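Scroll down for the structure; my scribbles are underneath it.
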Amino acid sequence: QVQLVESGGGLVQPGGSLRLSCTASGSFFAIYDMGWYRQAPGKERDLVASITPGGITNYADSVKGRFTISRDNAKNMVSLQMNSLTPEDTAVYYCNAEIRQGSLSSRRTVYWGQGTQVTVSS
């Protein structure tokens with residue numbers, strides 16, 4: 001059973017920083033793209049940033065220059081460093097990962113973490 005466990009959310013003042021981390025555990029063959037999404041109340045879940053196994057990154061326009069995604073393939077971990085936070089960044093943040101569970105099948109499944117709340121407020 002594959003699990004993604006997130007940590008690092010919380011309350012921060014505008015202009016502050018937070019770092020989110022997400023670790024994949026369980027039995028699997030390989031992890032492909034990993035990413036962070038967020039969902040604010042009453043809104044859809046949107047991509048924040050993604051990263052390939054080789055380190056190629058993609059960011060939403062709203063976070064470019066403020067957020068940095070990184071991964072540690074040896075630890076099956078993806079992180080999101082968030083700087084210069086604004087109230088508009090308030091949301092539940094979810095990590096996801098595209099995972100191939102077995103070596104005999106090329107099938108990939110997208111897994112999601114349980115979500116971590118980020119609140120930016122003075």
Side-chain angles (χ1 to χ4, degrees):
Q1 187 76 7
V2 176
Q3 281 191 316
L4 299 182
V5 179
E6 299 141 344
S7 62
L11 172 65
V12 65
Q13 292 187 341
S17 299
L18 279 176
R19 185 176 181 86
L20 306 181
S21 293
C22 172
T23 301
S25 64
S27 177
F28 48 84
F29 179 72
I31 302 177
Y32 297 94
D33 289 2
M34 303 183 81
W36 289 94
Y37 286 69
R38 66 186 180 186
Q39 187 168 20
K43 295 188 177 181
E44 294 184 350
R45 188 177 297 186
D46 292 325
L47 174 69
V48 176
S50 64
I51 185 168
T52 69
I56 298 173
T57 58
N58 179 47
Y59 294 94
D61 288 342
S62 59
V63 306
K64 284 180 180 177
R66 300 188 300 122
F67 291 10
T68 302
I69 189 171
S70 60
R71 66 189 284 171
D72 184 332
N73 292 328
K75 296 181 179 179
N76 300 321
M77 178 187 294
V78 62
S79 298
L80 186 69
Q81 177 65 41
M82 304 185 294
N83 299 327
S84 302
L85 286 161
T86 73
E88 288 68 38
D89 295 314
T90 296
V92 178
Y93 284 70
Y94 298 89
C95 75
N96 84 340
E98 185 181 20
I99 292 176
R100 178 178 169 184
Q101 284 192 266
S103 60
L104 298 180
S105 171
S106 61
R107 179 187 175 194
R108 304 180 186 184
T109 302
V110 175
Y111 290 88
W112 292 88
Q114 79 283 1
T116 185
Q117 177 70 46
V118 171
T119 302
V120 185
S121 175
S122 55

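Predicted model, so just to flag it, every value in this text is computed and none were measured.
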Pairwise side-chain contact, Ile99 with Phe29, heavy-atom cut-off 4.5 Å (strictly under)
no

Derivation and outcome, side-chain contact (heavy atoms from CB on, under 4.5 Å), residues Gln101 and Arg107
CA-CA 8 Å; Gln101 284 192 266; Arg107 179 187 175 194; over 6 Å; no

So do Val118 and Arg38 actually touch side chain to side chain, heavy atoms under 4.5 Å?
no

In this structure, CZ of Arg100 is separated from OG1 of Thr109 (nearest 0.5 Å) by 11.5 Å

Which atom pair, heavy atoms only, marks the closest approach of Ile31 to Ala24?
CD1-CB, 3.8 Å

Looking only at heavy atoms, what is the nearest atom pair of Arg45 and Tyr37, with distance?
CG-CB, 3.7 Å

Is Val110 reachable from Leu47 through a run of hydrophobic residues whose side-chain heavy atoms are each under 4.5 Å from the next?
yes

With side chains defined as the heavy atoms from C-beta onward, is the minimum distance between Ser70 and Arg19 less than 4.5 Å?
yes

Can you tell me how far apart CG (Asp33) and OG (Ser50) are? Round to the nearest 0.5 Å.
6.0 Å

Can you hop from Leu18 to Val92 via hydrophobic side chains spaced under 4.5 Å?
no

Would you compute the distance between atom CG of Leu20 and atom CD1 of Ile69 and round it to the nearest 0.5 angstrom?
10.0 Å

Measure the shortest side-chain to side-chain distance between Thr116 and Ser7 over non-hydrogen atoms and say whether it is less than 4.5 angstrom.
no

In sequence, state the C-alpha distance, the side-chain angles, and the governing distance for Tyr32 and Arg108, and then conclude on side-chain contact (heavy atoms from CB on, under 4.5 Å).
CA-CA 9 Å; Tyr32 297 94; Arg108 304 180 186 184; 3.5 Å; yes

Take the angle between the ring planes of Trp112 and Tyr94 and call it parallel below 30°, perpendicular above 60°, tilted in between.
perpendicular

Return the minimal non-hydrogen interatomic distance between Pro14 and Ser121, and the atom names on each side.
CD-C, 3.6 Å

Between Ser79 and Gln81, does any side-chain donor sit less than 3.5 Å from a side-chain acceptor?
no

To the nearest 0.5 Å, what is the distance between CG (Asp89) and OG (Ser62)?
7.0 Å

Are Trp36 and Met77 joined in one hydrophobic group, where the rule is that I, L, V, M, F, W and Y side chains link up if heavy atoms are under 4.5 Å apart?
no

Give, for atom CZ of Phe67 and atom OG1 of Thr57, the distance between the pair rounded to the nearest 0.5 Å.
14.0 Å

For Gln3, does the CD atom have more than 12 heavy-atom neighbours from other residues, nucleotides or ligands under 6.0 Å away?
no

Find out whether Val12 and Met82 are in side-chain contact, i.e. whether some heavy atom of one side chain is under 4.5 Å from a heavy atom of the other.
no

For the residue pair Met34 and Cys95, establish whether any side-chain heavy-atom pair is separated by less than 4.5 Å.
no

Report the C-alpha separation of Asn76 and Thr23 in whole Å, then their side-chain angles, then the decisive distance to 0.1 Å, and conclude whether the side chain to side chain donor-acceptor pair (under 3.5 Å) test is met.
CA-CA 6 Å; Asn76 300 321; Thr23 301; over 6 Å; no

When you measure from the side chain of Asn73 to the backbone N and O of Pro53, does any donor-acceptor pair fall under 3.5 Å?
yes

Short side-chain to backbone donor-acceptor contact, Thr90 and Val120, under 3.5 Å:
yes

4.5 Å side-chain heavy-atom contact, Leu80 and Ser21
no

